Amino acid sequence: MENDVRLTIGTLKAAAAAAVLLAATACGSSGGSSSSTGLNPPDLKAQTKLGKSEGQVNLVAWAGYVEDGSNDAKVNWVSDFEKQTGCQVHSKVAASSDEMVKLMKTGEYDAVSASGDASLRLIASGDAAPVNTDLVPNYKDVFADLKLQPWNSVKGKAYGIPHGRGANLLMYNTDKVKPAPTSWSAVFDDASRYKGHVTAYDSPIYIADAAVYLKATKPELKIKDPYALDQKQFDAAVDLLKKQNANVGEYWGDYLKEVSAFKSGDSVVGTTWQVIANLTQSEGAKVKAFVPKEGSTGWSDTWMIAAKAKHPNCAYQWMNWIISPKVNAQVAEYFGEAPSNAKACEETSDKNFCTTYHAADTAYWKNIAFWNTPIEQCLDGRTDVKCVPYAKWVQAWTEIKG
């Protein structure tokens, strides 16, 4: 998958200086159990005990997840880890989930901050091993609704350690979009009111956003899971997005451009993330962002260990470190996401951070359908039909954009 530029304000500065914004796509699912995914991974065993540190660990991660002070001298949670564990960190920033999967298949990396589409593929192929959460003491403080979810477990077996999460929001210009919207209809059925000034997320996974809207507005389609669409349901979502296309001024993947578009008025309504809304507001644009009444999609990332990790003990120590309260708070604030460790909320420099990002708001997350990878075996448990696999979503996205 592509086009998810989840960088925070701090990372943005480094990215802008380099004139490069990284792309990625995270996936997960809010409902159902992993046993219904149709995944039957190899029977791999989790490590039973920690051994001696191997002296190094090789990581694949999103930009902003493994900071050692080289991007910003004030942003460094790697050096203390190296001092405390003796594990030297070598990290590779991945530009997409596809790249993460390819890198993990080389056998050169010990762990990865996988998004849901990558995590399911790594589990299914046997490239990721189950995780023994008893070897990660800080796991006990991870929010309960992030544990054993469809994107990080299979049949009750954990395949990773939750890192953080975020929701896809509807943002609008408060001066130009009146009355204030409450529904995704602002970018779908009513989008013609803002023709040429609607913006949408540039990724095939955005088809799920249309499915979330149709689930609420077209009950006759019987959509249960926006990532489990049979052909009829899928066609309805694609048709909706083709109609929307006539009103879209820009599809965004680079969020500096989205900030600029809302500041200039080129965009007045569309999808966004909380960190982008915060940045847009801080630069003087009159915008608000929220989860519409139909609910929304979102993303959640997970640290996973390679099945053939050469430095598994250092990898386990890293997974425990990155979700420790202080470090998890640092990453969350730098990146712009809700932390996974409940105790991290006591460590954030902005004492309202966890409130802003709904970190502990269980009811809020129940309305978020975390990105997941569509496969033929319907993720909602149906066995009487085949669902449209992700490759077909990619093809359809090209058609939608014309």
Side-chain angles (χ1 to χ4, degrees), residues 1-6 23-32 37 97 115-120 145-146 149-152 164-171 181 183-188 198-218 221 223-229 233-234 236-238 240-241 244 248 251-253 255 258 269-277 289-302 336-338 357-358 361 363-375 379-380 387-388 390 393-394 396-397 400:
M1 294 190 184
E2 59 261 296
N3 282 340
D4 170 9
V5 204
R6 295 190 326 255
T25 293
C27 295
S29 168
S30 63
T37 63
S97 287
S115 299
D117 63 320
S119 63
L120 292 181
D145 59 350
L146 278 172
Q149 293 299 315
W151 62 89
N152 60 27
R165 55 185 165 179
N168 296 314
L169 309 176
L170 176 63
M171 183 160 70
S183 164
W184 284 114
S185 63
V187 296
F188 291 125
V198 175
T199 187
Y201 184 52
D202 190 3
S203 171
I205 207 67
Y206 183 63
I207 293 171
D209 289 57
V212 166
Y213 179 65
L214 291 173
K215 178 183 177 183
T217 58
K218 301 282 187 183
L221 288 170
I223 294 173
K224 289 197 270 183
D225 183 327
Y227 309 100
L229 304 177
Q233 296 166 337
F234 182 77
V238 170
L240 182 63
L241 290 169
Q244 181 200 48
V248 171
Y251 291 96
W252 69 273
Y255 81 50
E258 188 181 28
V269 66
T271 51
T272 196
W273 299 316
Q274 188 66 57
V275 66
I276 306 176
F290 67 103
V291 174
K293 63 184 182 182
E294 299 90 359
S296 188
T297 59
W299 45 268
S300 175
D301 292 340
T302 302
E337 65 187 339
Y357 283 81
H358 303 275
D361 189 348
Y364 178 86
W365 297 112
K366 282 183 178 176
N367 288 321
I368 308 303
F370 288 107
W371 288 344
N372 208 340
T373 308
I375 56 176
L379 298 172
D380 59 10
C387 280
V388 179
Y390 185 69
W393 287 46
V394 175
W397 186 242
I400 288 164

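None of the values given here were measured: they were computed from a predicted structure.
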**OP:** Would you indicate whether the side-chain heavy atoms of Ser183 and Phe188 approach each other to under 4.5 Å?
**Re:** no
**OP:** Examine distances only and state if a side-chain atom of Ser296 and a backbone atom of Val291 form a donor-acceptor pair shorter than 3.5 Å.
**Re:** no
Original post:
Is the side chain of Lys215 donor-acceptor paired with the backbone N or O of Lys224 at a distance under 3.5 Å, no angle test?
Top reply: yes
Original post:
Side chains of Val248 and Thr199: does their closest heavy-atom pair fall under 4.5 Å?
Top reply: no
**OP:** Could you tell me whether the side chain of Trp184 and the main chain of Gly295 form a donor-acceptor pair under 3.5 Å?
**Re:** yes
Original post:
Hey, does Trp397 have a side-chain heavy atom less than 4.5 Å from the side chain of Ile205?
Top reply: no
Original post:
Okay, side chain of Glu258, backbone of Ile276: is any donor-acceptor separation there less than 3.5 Å?
Top reply: no
**OP:** Taking all heavy atoms of Glu294 and all of Ala216, pick out the closest pair and write down the distance.
**Re:** CG-CB, 3.5 Å
Original post:
Quick one: which of Thr271, Asn168, Asn372 gives a side chain to side chain donor-acceptor pair (under 3.5 Å) with Thr297?
Top reply: Asn168
Subject >> Tyr390 vs Pro204 side-chain heavy atoms within contact, under 4.5 Å >> reply: yes
Original post:
Between CD of Gln233 and CG of Asp225, what distance do you get to the nearest 0.5 Å?
Top reply: 9.5 Å
**OP:** Determine the interplanar angle of the Tyr227 and Trp393 rings, folded into 0 to 90°, and report it as parallel if under 30°, tilted if 30 to 60°, perpendicular if over 60°.
**Re:** parallel
Original post:
Going by heavy atoms in the side chains, are Asp209 and Gln244 under 4.5 Å from each other?
Top reply: no
Subject >> Residue pair Tyr213 / Ser185: nearest heavy atoms and the distance that separates them >> reply: OH-CB, 3.3 Å
Subject >> Spacing of Leu241 atom CG and Ile400 atom CD1 [to the nearest 0.5 Å] >> reply: 4.5 Å
Original post:
Do Pro181 and Leu170 come close enough that some side-chain heavy atom pair is under 4.5 Å?
Top reply: yes
Subject >> Donor-acceptor contact below 3.5 Å, side chain Glu337 vs main chain Gly166 >> reply: no
Original post:
Less than 4.5 Å apart, any side-chain heavy atom of Leu229 and any of Cys387?
Top reply: no
Subject >> Check: Tyr201 ring centre within less than 6.0 Å of Trp273 ring centre >> reply: yes
**OP:** For Thr373 and Leu120, work out which heavy atoms get closest and say how close.
**Re:** N-CD1, 4.2 Å
Subject >> Least distance between heavy atoms, Ala167 atom then Trp365 atom >> reply: N-CZ3, 4.1 Å
Original post:
When you look at Asp145 and Arg165, which way does the side-chain contact (heavy atoms from CB on, under 4.5 Å) test go after all the steps?
Top reply: CA-CA 11 Å; Asp145 59 350; Arg165 55 185 165 179; 3.1 Å; yes
**OP:** Locate the shortest heavy-atom distance separating Ala211 from Ile223; write the atom from each residue and the value.
**Re:** O-CD1, 3.9 Å
Subject >> Ala237 to Ala210 - nearest heavy-atom pair and separation >> reply: O-CB, 3.9 Å
Original post:
Does Asn152 reach the main-chain N or O of Leu146 with its side chain, forming a donor-acceptor pair under 3.5 Å?
Top reply: yes
